[in-house]
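A short worksheet on the structure shown next.
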Amino acid sequence: MIKQPDQSTQDPATRPGARPVLPVLSVANLSKSFGGAKALNNVSFDVMSGEVHGLLGKNGSGKSTLVKILAGFHAPDEGGTLHFNGEQVQLPLKAGEGRRLGMAFVHQNLGLVPSLTVLENLRLAELTKDGKAFISWSAEKAAARQALTRFGLEIDPAERVDRLTPVQRALLAIVRAFEEIEAARAITGKPGLVLLDEPTPFLPASGVAQLFELVRSITALGSSVIFISHDIDEVMEITDRITVLRDGEQSGELARADATHEKIVEMIVGRSISRQPSRKPVAASFPVYARFEALSDKMLQPSDLHVGKGEILGLTGLIGSGYEEVPYLAFGARSGASGTITIEDGAPFAQSMLNPAAAIERGFALLPGDRHGESGVDSLSIVDNMFLPDIGRFFKNGFMRNRAMVREARELGAEYEVRPNDPGLKLSALSGGNAQKVLIARWMNRSPLLLLLDEPTQGVDVGTRQQIFAALRKAASEGMSIICASSEAEQLAEICDRVLVFARGRICDEITGERLTKEGISEACYVSAGPAPNMTSTPRVA
Amino acid sequence: MTDTVKSTSPTKPSVNYARQFERVALLLVWALTIVLFSFLIPNNFLNWGNFSIMFASYAPAALLALAIIIPLTAGDYDLSVGATLTLSASTIGVLNVWQQMPIGWVLVIVLLMGLGVGLFHSLFIIYFRVPSLVVTLGSTSLMSGIVQWITNSSTIGGIDNSLIMAAVGYRLFGIPYAFYYALGAALIMWYIFDFMPLGRRLLFVGRGREVARLNGISVNKVRVGALCMSAVLASAAGILYAGVLGSADPYSGLNYLLPAFAAAFLGATTIQPGRFNPWGTIVAVYFLATGITGLSMLGIPLWVTNVFNGGALILAVTISQITRGREASDIG
Ligand SMILES: Nc1ncnc2c1ncn2[C@@H]1O[C@H](COP(=O)(O)OP(=O)(O)OP(=O)(O)O)[C@@H](O)[C@H]1O
Ligand SMILES: [Mg+2]
């Protein structure tokens, strides 16, 4: 409703230090409907050369839809126009045309081919180009290696992508996009555009810093970047200008110079939310619920830890420090690990005895970080995804109570603010953040005794995040034990009673009480990692 | 920009008419085909006798197509159903006719053999992690060889009359029982797919194995079950085939494989589009059967039937994809 006047669109010269250039990308009156619902409604904006343009909005506001239109996945409604480097482009775009023009994408689901190698994914465009008679694998390999080292990524080019960690996959997709843009610029001689759809939820602080360095190096050469994120601090740091979408409409546009955290939040949510003040941590003591001894896996060295009944335990560290393995080990989701587990006063048992079915039986729940591969099935309906572990509950008198299931799914969806709340839709019809809400609801609804989370609020917008935090805290106060692995210090500071910091596979710090703040946690992460923490110290995945 | 009111009513389900139409499209095309042939062949096509023969003689093919969609739903291919059918029919011939074993025992043995085939597949596919395409391709060749060996490559006639009577002797509404066995199988599968938790599990295992595993589903058990069910059902199709023909033919069963796959994929465009579903499969089988029966009554040469099978499949799946616009296909 609040339609900010967007003079900055009309007059690029108002931007400090602007070159008198025409926009790289100019979108006008773009709309997109899915069935009856409008995902985008008359959206218009320009992206200048060398600019980092932030695209913000709540879950389901249409950000990814916009990106997918530019990538040629979706055909927009009639009436929109698109100019790229001054040249009018016919809509809908044909698949691959974006790349020819000089656009590169990192989609929310990354768009990597899991069964191919890093090399093949990285050089996908190059390898499948028309008119190529011969592939010199040694040259390709060298090029891939060079690209990876340039970006400080230590991954074996011959490794299959499905064996990489989520973080490595995100970085790989980003590196590929930057590589493509460079290649395109070498051919067309015109600036390109990289579209990053929420690239950061997987990335730890060091990865984000590195990404931003890349972004700056690309923009210095005249190319532009569209950056989508729910992390407002990141947006404030990297972008030059911000366009905000709300329910598919443009709710405003502003230059970074005029932006404050509060102002952006208000534009996104439509009301002001005061930034949650850091909770005063109460030094409560919890009776031990689960005790893990000598827990170890690929990266994790034998470590002892425990979580109390009703306690929210945070795990963090730099990538590859092993903390991200703990939720999976506690759930018996990976084979080949070792350690012993003791639940309350029960007899200790070997971790290798545990498997997901047994863990669920014990009242454990795991929300994996890899939403597409491990958490939800995109091609199936919301209701089926929501009640996957409880299907048996709806089988009464020889029949599945499908209608009861849908009814309950709708209630649960309303509680977790899933939008649109239509349980019959496929999960893929939801925006990224809304899909995450469905999967959180799946487990919270079972009231597990031990909830294991890996990056639980990835892709969830500022408003909803608060609600999820509140739900977690409420559940904990009612006795649920929660282990939350996250690289996001802010989130941990906000919900956790205690945070363990990992480095090189070991627990190196335990943060409680006064130090349990965003700053305290980030600091501990860096201190723990030794003098020069950087990506290259990341252990290779075997 | 101000007059647009966005519908944010959260529970309003959006009705997609193209999708609704897609559900019944193949049924309509089937009806049109029947009408078309009734005009082209005014006297002979549209009579109950003709249809009842068609319903019965395609019953083994229908069972075979139903067999395929079980592992397909669970994400595995079973290319060996044609060979399993042949093996089963031939074994009936050998044991019942040559060895004079009572037919009741023979049927039990044949079904157990189907279970054995399924377990054999499971061993390699699940335990040794060999792709299902490879294993079932190999076992097709393996079983075809065994069939030639046990039958000396000859057709065995003179199968127990009770089997023939049970298949095509007794009739209900003029249609031989064979057809109702296929309908019964579809009914049971419909119940399992749509009204039992097992059906949901099967679907999740097929669409997202890791997701299924992390939600406590025993993925391996489900896959073994699917492979065994498909082999047992293919054996049952072999029994029906022997009953319908009255003899055991060591070769012709393999010809059913591709049409059965065609029917499975074609069936996934109708009734419940985007999913392999038993009723869609039945509709697809009999749609193809109608086309082939009509064409052969017109005296059109044999090769046209193959063209019809293939053409119908590609066309139907293409049209179903077009109605989905740029959305990714669910099947396959
Ligand atoms: N394939 C689809 N079919 C139907 N509706 C869809 C489809 N894809 C997206 N939508 C709807 O369009 C709207 C915009 O979704 P979009 O993915 O663009 O949101 P987003 O801004 O990227 O959100 P997030 O921050 O959660 O990623 C949502 O209401 C979503 O449900
Ligand atoms: Mg999105």
Indicate yes or no: at least one non-hydrogen side-chain atom of Tyr191(B) is less than 4.5 angstrom from one of Phe399(A). yes
Minimum heavy-atom distance Phe331(A)-Leu214(B), with the two atoms named: CE2-O, 3.3 Å
Heavy atoms of Asn402(A) and Asp194(B) approach each other most closely as ND2-O, 3.5 Å
What part of Asn385(A) is in contact with chain B, defined as an atom under 4.5 angstrom from a non-hydrogen atom: side chain, backbone, both or neither? both
Heavy-atom pairs under 4.5 Å with chain B are the metric here; pick the option from Gly332(A), Gly398(A), Ala365(A) that has the most. Gly398(A)
Out of Glu210(B), Met196(B), Arg200(B), which one racks up the most heavy-atom pairs below 4.5 Å with chain A? Arg200(B)
Do you know which two heavy atoms are closest between Arg213(B) and Pro356(A), and how far apart they sit? O-CB, 3.1 Å
Tell me the closest heavy-atom pair linking Ala357(A) and Gly216(B), and the distance in Å. CB-O, 3.6 Å
With chain B, the option among Gly376(A), Pro423(A), Ala359(A) that has the most non-hydrogen atom pairs under 4.5 Å is Gly376(A)
Which atoms form the tightest heavy-atom contact between Arg207(B) and Leu380(A), and what is the distance? NH1-CD2, 3.3 Å
Inter-residue atom distance Glu374(A).CD - Asn215(B).CG, 0.5 Å rounding: 11.0 Å
Nearest-0.5 Å distance that lies between atom CD1 in Ile217(B) and atom CD1 in Ile391(A): 5.0 Å
With a 4.5 angstrom heavy-atom cut-off, is it the side chain or the backbone of Tyr328(A) that approaches chain B, or both, or neither? neither
Structural part of Leu198(B) lying under 4.5 Å from a heavy atom of chain A: neither
Region of Asp384(A) that comes under 4.5 Å of a non-hydrogen atom in chain B: both
Where on Arg209(B) is there a heavy atom nearer than 4.5 Å to chain A: the side chain, the backbone, both, or neither? neither
Less than 4.5 Å to any heavy atom of chain B: does that hold for the side chain of Arg393(A), its backbone, both, or neither? neither
Pro368(A) versus chain B, the contacting section by heavy-atom distance below 4.5 Å: side chain
